[in-house]
Amino acid sequence: RDWSSDVCSSDLVRDASLRTLLALAAYLGCSTGKCAVASSDLRSAFLSNDLSKDEDGKIIKKYMEPPPMFFSNTGRILNPGTNDILELYSSVYGLKDASRILSDNVREKLVQLGFKQCEHDRAVFFRFDGEGDEAAWQLVATYVDDFLLIASSMDLNHEVVSAINDDEECRMEASLTEYPERYCGYNIRYDKVDGGISIDVNDYTAAVVKRFGSDVGKKIKDRILPGDPAVTAKMLELEAKQVKERGGMSKKKLSETRKMLGCILYLCGKAHPMVSPVCNMLATTGLGRGELWDKQFYWLLGYLQKSLKDDPGIKYRERRSGESLTPRVDAMSDASFHSTREGRSLGGYVIMYGGGAVGWRSSLSKTVCLSTTEAEASAASELARELLWLGQWLSEMGMEVLPMHVGIDNLAALRSFITGSGGKGTRHTTYRIQHLRQCIRDGSMIAVHVGTDYNLSDAMSKLIRLPSTFTWMKDQIITKRKRG
């Protein structure tokens, strides 16, 4: 059998898609009753589904060893390791393709209810009914057996759950929670005064700080910045090289390092974009962990510890009077030339939807860049690909997508994107930026110059040294706090 991910795994909504849907719900006024948000959970999901079918519609037979001391209907006691096998009549927990069977059944049921499956994120479904003032719309995001439902009214969300529960041929049983406070690892808060939604992962953040702090007897000091500006990526690389030359790390220390990296990378990908450069530095040098690596890691934990006291999470605001009916997409990219000892550049971007961050990235260039312009062009091309996906996904769901603004602080790179000529030293970057130039000509994107002091993606490509600058950037990307 082919046990590839396409056969075994279910469609899972992307974190960027989920944040975009929550930002859209906030923009449309879910916290003030102008649209409705709900979550649904399938009970005993893997036990309530029939087995998958082949191209001819016949059920594919599956067999399994009996569990220990299994009492059969013939009165015999069966055990694993014998010649006895069991034929399955439905999906069970532990079946390799159980999640795929569930995903297929969920898709089939939602299509029966009039939903269409998105091609650009197959875990998202949508439907529209009626026209004008009587128009009704609904979006459903699926993550295995958990659904997020956003609709023009709460009755539509109840209708979906009722249709699943009332179907005699469907053995799935769903529950509904109106305005959930938690979904897919996110804590969700609704601002009924100013309007909008805040998301965070503070409970997991607190658990990480406790696990690597007080649980092992380490006292962690609060930090304003996520990383020590005095510890650079090149210093960590040199330390990692020295550790490897001395024989490397023990298996126990390597296992512990992997757990440490897994925790902070999860936090970074969920709701902490400001720690991206530090996570990148630690991840690329984790196999040579030394004193400087530990110092930078616990400095990061100090920042996360302080964020539990100060930060309300990523804030998505409500639509203001006179604004467009759908949020505008704004994005910025930046790169730090020659960030590593081997010559690669650290680049990154941040995507804002309706004023809040929905997508971000911080990564090393795949090749050695020969100039600052090439490094900036490489980061901008990565951003362009993500924006193309986002724009096509939103358009597929019937939303009007205004020209997406791309902010760049390098004039040579910007000139290359707009006019196609960046000077004699930029000829080797032509193929990197060709697709972005075409997007600008098509009108789907607008490239603008952003001053270095106002480029929010600086926080994705380097460690910000000044606390005042970092705090201002964080307020723009995440918290949206008003300061006197």
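Values below: every heavy atom of this structure, side chains too, minus hydrogens, waters and symmetry copies. None of these values were measured; they are calculated from a predicted model.
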From [atom1] ([X]) to [atom2] ([Y]), nearest 0.5 Å:
{"X": "Leu301", "Y": "Lys210", "atom1": "CG", "atom2": "NZ", "result": "13.5 Å"}
{"X": "Leu139", "Y": "Phe115", "atom1": "CG", "atom2": "CZ", "result": "8.5 Å"}
{"X": "Leu383", "Y": "Met445", "atom1": "CG", "atom2": "CE", "result": "7.0 Å"}
{"X": "Leu466", "Y": "Leu225", "atom1": "CG", "atom2": "CG", "result": "8.5 Å"}
{"X": "Leu304", "Y": "Thr205", "atom1": "CG", "atom2": "OG1", "result": "6.0 Å"}
{"X": "Phe470", "Y": "Asp475", "atom1": "CZ", "atom2": "CG", "result": "10.0 Å"}

Asp203/Arg182 under salt bridge (Lys or Arg N to Asp or Glu O under 4.0 Å): CA gap, chis, key distance, verdict:
CA-CA 11 Å; Asp203 51 349; Arg182 185 172 179 83; 2.7 Å; yes

Main-chain N/O of [Y] paired to [X] side chain as donor or acceptor, under 3.5 Å:
{"X": "Ser365", "Y": "Ser345", "answer": "yes"}
{"X": "Tyr298", "Y": "Lys219", "answer": "no"}
{"X": "Arg319", "Y": "Glu323", "answer": "yes"}
{"X": "Ser336", "Y": "Leu346", "answer": "no"}
{"X": "Thr471", "Y": "Ser468", "answer": "no"}
{"X": "Trp389", "Y": "His120", "answer": "yes"}
{"X": "Gln117", "Y": "Arg122", "answer": "yes"}
{"X": "Ser103", "Y": "Ser99", "answer": "no"}
{"X": "Ser461", "Y": "Gly347", "answer": "no"}

Less than 4.5 Å apart, side chain to side chain, heavy atoms only: is that true for [X] and [Y]?
{"X": "Leu102", "Y": "Leu42", "result": "yes"}
{"X": "Tyr349", "Y": "Met332", "result": "no"}
{"X": "Tyr316", "Y": "Tyr353", "result": "no"}
{"X": "Glu386", "Y": "Glu382", "result": "no"}
{"X": "Val13", "Y": "Thr142", "result": "no"}
{"X": "Trp360", "Y": "Ser457", "result": "no"}
{"X": "Pro180", "Y": "Val37", "result": "yes"}
{"X": "Glu119", "Y": "Glu396", "result": "yes"}

Mind running side-chain contact (heavy atoms from CB on, under 4.5 Å) on Met260 and Trp293 for me, showing each step along the way?
CA-CA 11 Å; Met260 297 163 76; Trp293 197 96; 3.8 Å; yes

Within the supplied structure, the quantity of interest is the number of heavy atoms (other residues, nucleotides, ligands) at a distance under 6.0 Å from [X] [atom1]; does it exceed 12?
{"X": "Phe128", "atom1": "CZ", "answer": "yes"}
{"X": "Tyr204", "atom1": "OH", "answer": "yes"}
{"X": "Lys116", "atom1": "NZ", "answer": "no"}
{"X": "Arg43", "atom1": "CZ", "answer": "yes"}
{"X": "Glu181", "atom1": "CD", "answer": "no"}

Over all atoms of both residues, closest heavy-atom pair of [X] and [Y]:
{"X": "Trp472", "Y": "Leu456", "value": "CZ3-CD2, 3.7 Å"}
{"X": "Ala379", "Y": "Ala335", "value": "CB-CB, 4.2 Å"}
{"X": "Leu88", "Y": "Leu95", "value": "CD1-CD1, 4.0 Å"}
{"X": "Pro277", "Y": "Leu463", "value": "CB-CD2, 4.3 Å"}
{"X": "Gly213", "Y": "Ile220", "value": "CA-CD1, 3.7 Å"}
{"X": "Ile408", "Y": "Ala413", "value": "CG2-CB, 4.4 Å"}

Do [X] and [Y] have side-chain atoms, one donor and one acceptor, less than 3.5 Å apart?
{"X": "Gln305", "Y": "Asp222", "answer": "yes"}
{"X": "Glu376", "Y": "Ser333", "answer": "no"}
{"X": "Ser17", "Y": "Asp121", "answer": "yes"}
{"X": "Asn202", "Y": "Asn187", "answer": "no"}

Salt bridge [X]-[Y], side-chain N to carboxylate O under 4.0 Å:
{"X": "Lys192", "Y": "Glu318", "value": "no"}
{"X": "Asp200", "Y": "Arg189", "value": "yes"}
{"X": "Asp330", "Y": "Arg328", "value": "yes"}

Please say whether the positively charged group of Arg14, taken as NZ for Lys or CZ for Arg, lies over the ring of Trp393, i.e. under 6.0 angstrom from the six-membered ring centre and within 45 degrees of the axis.
no

Before we go on, tell me: are the rings of Phe212 and Phe297 under 6.0 Å apart, centre to centre?
yes

Does the ring center of Phe147 lie less than 6.0 Å from the ring center of Phe125?
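No, ring centres 6.0 Å or more apart.
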
Whether Tyr179 and Tyr190 hold their rings parallel, tilted or perpendicular, with breakpoints at 30° and 60°:
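Perpendicular, since the angle between the ring planes exceeds 60°.
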
My understanding is that only residues two or more places apart in sequence, or in another chain, count here; which of them pass side-chain contact (heavy atoms from CB on, under 4.5 Å) with Ser255?
Lys259

Checking Arg127 now: which residues fulfil salt bridge (Lys or Arg N to Asp or Glu O under 4.0 Å) with it, not counting sequence neighbours?
none

Please lay out, stage by stage, how Asp191 and Lys315 fare under the test salt bridge (Lys or Arg N to Asp or Glu O under 4.0 Å).
CA-CA 10 Å; Asp191 188 346; Lys315 176 68 180 293; 3.5 Å; yes

Extract all donor-acceptor atom pairs below 3.5 Å that involve side chains of residues 148-164 and protein atoms in other chains or at least two apart in sequence.
{"unit_1": "Ser152", "atom_1": "OG", "unit_2": "Trp137", "atom_2": "N", "d": "3.4"}
{"unit_1": "Asn157", "atom_1": "OD1", "unit_2": "Gln138", "atom_2": "NE2", "d": "2.9"}
{"unit_1": "His158", "atom_1": "NE2", "unit_2": "Glu178", "atom_2": "OE2", "d": "2.7"}
{"unit_1": "Ser162", "atom_1": "OG", "unit_2": "His158", "atom_2": "O", "d": "2.9"}

Exercise answer: donor-acceptor pairs, residues 263-276 side-chain atoms, under 3.5 Å, sequence neighbours excluded:
{"unit_1": "Lys270", "atom_1": "NZ", "unit_2": "Asp15", "atom_2": "OD1", "d": "3.1"}
{"unit_1": "Lys270", "atom_1": "NZ", "unit_2": "Cys184", "atom_2": "O", "d": "2.8"}
{"unit_1": "Ser276", "atom_1": "OG", "unit_2": "Pro273", "atom_2": "O", "d": "2.7"}

Could you go through the side-chain contact (heavy atoms from CB on, under 4.5 Å) check for Asp228 and Val231 one step at a time?
CA-CA 6 Å; Asp228 184 356; Val231 179; 3.8 Å; yes

Pairs satisfying salt bridge (charged side-chain N to carboxylate O under 4.0 Å, His left out), at least one member in residues 449-465, at least two apart:
Asp334-Lys462, Asp458-Lys462

Would you give me the side-chain donor-acceptor pairs under 3.5 Å for residues 397-404, sequence neighbours excluded?
none

